[in-house]
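Working notes, structure below.
None of these values were measured; they are calculated from a predicted model.
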Amino acid sequence: MTWFKRDNHEINPTPNHAVRTEGLWTKCSQCGKPLWKADLEANLQVCMYCGKHFKFDARQRIDNLLDPGYELVDLELKSTDPLEFTDLKPYKDRLAQAQKKSGLNDAIINAVGKIDGQDVVLSVMEYGFIGGSMGAVMGETIARAVDRALDKKVPLIIVSASGGARMMEGIASLMQLAKVSAGLAKMDDLKIPYISLMTDPTTGGVTASFAMLGDLNIAEPGALIGFAGPRVIEQTIRQKLPEGFQRSEFLLEHGFLDAIVTRPELKAYLAQALRWMTNTKAETAA
């Protein structure tokens, strides 16, 4: 004889039920610690425990780097589908989906403003838009940023976050490498500073062109930087790659980078670098 009996009643949540803390926490992929999203955002998407740098979208980065009062420019350009390309889905559909999700016309934003009172042109890639891939619009947008820097004779900063050239646009995409590099050569001739900031990831044709052409090449901690991916290289050379290969720390050690700068320190570092490169003194309070 049993003293009690448990009925197996299923627990059915009420309609539109949601846990109050749902979506408020995330887990660090590097140290495994739970992170309160509000604290993570306040720390510029950098883990408070291990320093892991999470993805940082283009608008957040511009707002973090430039002084208040900056202007967004060259936002009207839109990609077309010159090859009428289709893989798993039509390229036109991919563009429409990315534009709706990101609120951008393409994977880059140009801004004109100041960093600690110093005039600068800033061009920032958005990885959330088809992997930050570089098509004709990105190339033209960066070329316009170069032209603005040449016209105003002010430094240019390009923030890279890209999987490389956009294959859906074929040769039109690859031509942007030469187009932007030619513009940067003009800046070099006129001694106008160009700073390249590489974030995770910076790969493919972007690395093979303007990302590595800076007068000062810097990167965030742990950023994947290279032309081909590690798996492709291992399959080609049939050897195991060293630990940390193609990460920013490895590149700094082997002379491919000038510095690694954490996100919270980045604005102050850029301000100091710009003063040094333009031979200007910091403004002192009266």
Practice prompt. Give the intermediate values and the outcome of side chain to side chain contact (heavy atoms under 4.5 Å, CB included) for residues M198 and S196.
Written response: CA-CA 6 Å; M198 288 163 267; S196 175; 4.1 Å; yes

Taking only Lys NZ, Arg NE, NH1 and NH2, and the carboxylate oxygens of Asp or Glu, determine whether [X] and [Y] approach each other closer than 4.0 Å.
X    : Y    : answer
D119 : K153 : no
R144 : E76  : yes
K101 : E126 : no
K179 : E140 : yes

Will you find, in the side chains of [X] and [Y], an N or O donor that is under 3.5 Å from an N or O acceptor?
X    : Y    : value
Q99  : K78  : no
T278 : T280 : yes
Y70  : D63  : yes
T141 : D74  : no
E169 : Y91  : yes

Practice prompt. State the CG-CZ distance between L150 and R148, to the nearest 0.5 angstrom.
Written response: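 With rounding to 0.5 Å, CG (L150) is 12.0 Å from CZ (R148).
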
Worksheet item: If you round to the nearest 0.5 Å, how far is NZ of K100 from CG of L95?
Response: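 Those atoms lie 15.0 Å apart.
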
Worksheet item: Between K55, K52, R61, which is the residue that forms a salt bridge (Lys or Arg N to Asp or Glu O under 4.0 Å) with E220?
Response: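 Between E220 and the candidates, salt bridge (Lys or Arg N to Asp or Glu O under 4.0 Å) is satisfied uniquely by R61.
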
Worksheet item: Sub-3.5 Å donor-acceptor pair from the side chain of Q118 to the main-chain atoms of A271, do we have one?
Response: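 Looks like yes, one N/O pair under 3.5 Å.
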
